[in-house]
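Remember, it's 1-based here, ligands and their atoms both numbered in the order they're listed. Basis for what follows: all heavy atoms, side chains included, without hydrogens, waters or symmetry-related copies. As the structure is a prediction and not an experimental result, all values here were calculated from the model.
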Amino acid sequence: MYSAFALLALAFTGIASALPTIQKRDPPTSPGCVGLGGGAFDNISSFTLAAYNKTLPNANSTGAPLVLGQAGAIVGASFKVLSTYASYPYDDYPGLTMVNGGIVRGDSLVGTNITAGRFPGFILTGIDLPPPAQIYCGLASTSAHGGGTGFPKLAAFGDTESWSLCPNGNGPFKQVNVVYKATPDNFGSYIYDQCYAVDLQIIEN
Ligand SMILES: *[C@@H]1O[C@H](CO)[C@@H](O)[C@H](O)[C@H]1NC(C)=O
Ligand SMILES: *[C@@H]1O[C@H](CO)[C@@H](O)[C@H](O)[C@H]1NC(C)=O
Ligand SMILES: *[C@@H]1O[C@H](CO)[C@@H](O)[C@H](O)[C@H]1NC(C)=O
Ligand SMILES: *[C@@H]1O[C@H](CO)[C@@H](O)[C@H](O)[C@H]1NC(C)=O
């Protein structure tokens with residue numbers, strides 16, 4: 001019995017080593033990918049983001065281009081949010097990279113942790129850059145037949161469905177920023193009644 005088992009194991013080992021190596025991308029390990037299944041990926045060499053209005057129709061399948069908009073500064077560092085280019089027409093920091101579910105740009109900008117009801121934030125600094133929060137993930141689009149646009153979606157905490165665009169005021173220089181889990185209890189940082197749900201699309205370049 002024992003030897004038959006051993007022989008069987010040997011036989012299987014033999015078969016396994018005779019098979020060609022299957023080419024497969026490593027499964028993502030980022031906590032940002034939890035629950036997203038086989039279409040998830042947590043490394044992207046260069047990408048930008050665009051907001052696709054969930055309330056159809058959209059002008060095109062890309063959606064509104066997003067840039068890093070200003071969100072204040074302290075000595076030695078400034079804070080950024082994701083703003084529509086239409087509301088903040090300065091693409092000063094084009095091209096982001098995702099590494100192990102953290103968003104970075106060069107060695108001076110990282111995405112920080114996200115709190116529900118707030119703008120996903122970034123810090124830009126040349127001194128003491130913190131590590132990026134490993135909370136993001138990409139999720140490949142369903143096929144065109146499934147109603148997808150063809151672009152992967154950005155997730156945070158394994159969730160692609162909680163992004164909105166919200167204006168931060170009513171004036172001529174208002175910025176329209178991405179919010180995670182928009183809420184009326186936002187300390188006046190955006191106008192909840194004017195938020196609308198979007199998918200954050202990953203445009204790889
Ligand atoms: C993502 O990139 C990092 C850094 O290069 C690497 O260590 C990691 O294995 C990559 N992850 C996947 C899933 O390929
Ligand atoms: C997205 O849809 C909302 C709700 O219909 C609408 O108010 C808003 O103007 C749309 N935004 C864009 C950029 O098309
Ligand atoms: C897609 O439509 C948006 C408006 O929602 C516009 O800002 C953007 O430039 C368009 N993109 C392309 C590739 O045409
Ligand atoms: C990041 O934020 C989430 C909820 O928004 C929280 O559960 C988590 O503990 C935070 N992580 C760190 C490292 O602060």
Within a distance under 4.0 Å of any heavy atom of [X], pick out the atoms of ligand 3 and give their elements.
{"X": "Gly63", "result": "1 (C), 3 (C)"}
{"X": "Pro65", "result": "7 (O), 8 (C)"}
{"X": "Ala59", "result": "2 (O)"}

Note to self: Would Leu82 and Leu68 count as a side chain to side chain contact (heavy atoms under 4.5 Å, CB included) here? Give the steps.
What the structure shows: CA-CA 5 Å; Leu82 294 168; Leu68 291 169; 4.0 Å; yes

Checklist line | Mode of Asp42 contact toward ligand 1 - side chain, backbone, both, neither (heavy atoms, under 4.0 Å) | finding: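 Near ligand 1, Asp42 shows its side chain, while the N, CA, C and O stay back.
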
Notebook entry, point to check: Which atom names give the shortest non-hydrogen contact between Val176 and Ser87, and what distance separates them?
Noted result: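 So the minimum-distance heavy-atom pair works out to N-OG, 2.9 Å.
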
Note to self: Which heavy atom of Thr125 sits nearest to which heavy atom of Ala77, and what is that distance?
What the structure shows: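 Heavy atoms of Thr125 and Ala77 come nearest at CB-CB, 3.8 Å.
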
Check: For Thr62, is at least one N or O under 3.5 Å away from an N or O on ligand 3?
Finding: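 No; every N/O pair is 3.5 Å or more apart.
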
Notebook entry, point to check: Considering only heavy atoms of Asn43, which atoms of ligand 1 have at least one such atom less than 4.0 Å away?
Noted result: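 Within the 4.0 Å cut-off of Asn43, ligand 1 contributes 1 (C), 2 (O), 3 (C), 8 (C), 10 (C), 11 (N), 12 (C), 14 (O).
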
Next item on the list: Tell me, yes or no, whether the heavy-atom count around Asn205 atom CG, taken from other residues, nucleotides or ligands under 6.0 Å, exceeds 12.
Entry: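 Yes, CG of Asn205 has more than 12 neighbouring heavy atoms, counting only those of other groups under 6.0 Å.
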
Notebook entry, point to check: Near Arg105 CZ, under 6.0 Å, is it more than 12 heavy atoms from other residues, nucleotides or ligands?
Noted result: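 For Arg105, atom CZ is crowded (more than 12 foreign heavy atoms under 6.0 Å).
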
Margin query: Taking 4.0 Å as the limit for heavy-atom contacts, which would you say applies to Ala86 with ligand 3: side chain only, backbone only, both, or neither?
Written below: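 Looking at Ala86 and ligand 3, no heavy atom falls under 4.0 Å.
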
Item checked: Protein contact to atom 2 (O) of ligand 4 [nearest heavy atom, distance to 0.1 Å] ->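 The answer is Asn113 ND2, 2.5 Å.
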
Next item on the list: Would you mind reporting whether Pro130 and Val110 have side-chain heavy atoms less than 4.5 Å apart?
Entry: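 Counting from C-beta outward, Val110 and Pro130 do come under 4.5 Å.
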
Notebook entry, point to check: Would you say the side-chain atoms of Gln175 pair up with the backbone N or O of Asn177, donor to acceptor, closer than 3.5 Å?
Noted result: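 It does not hold such a pair.
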
Item checked: Numbered atoms of ligand 4 (with element) below 4.0 Å of Ile114, judged on heavy atoms ->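 Every atom of ligand 4 under 4.0 Å from some heavy atom of Ile114: 2 (O), 4 (C), 5 (O).
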
Next item on the list: Mark whether atom 11 (N) of ligand 4 lies under 4.0 angstrom from at least one protein heavy atom.
Entry: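 Neighbour list for atom 11 (N) of ligand 4 includes protein heavy atoms (cut-off 4.0 Å).
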
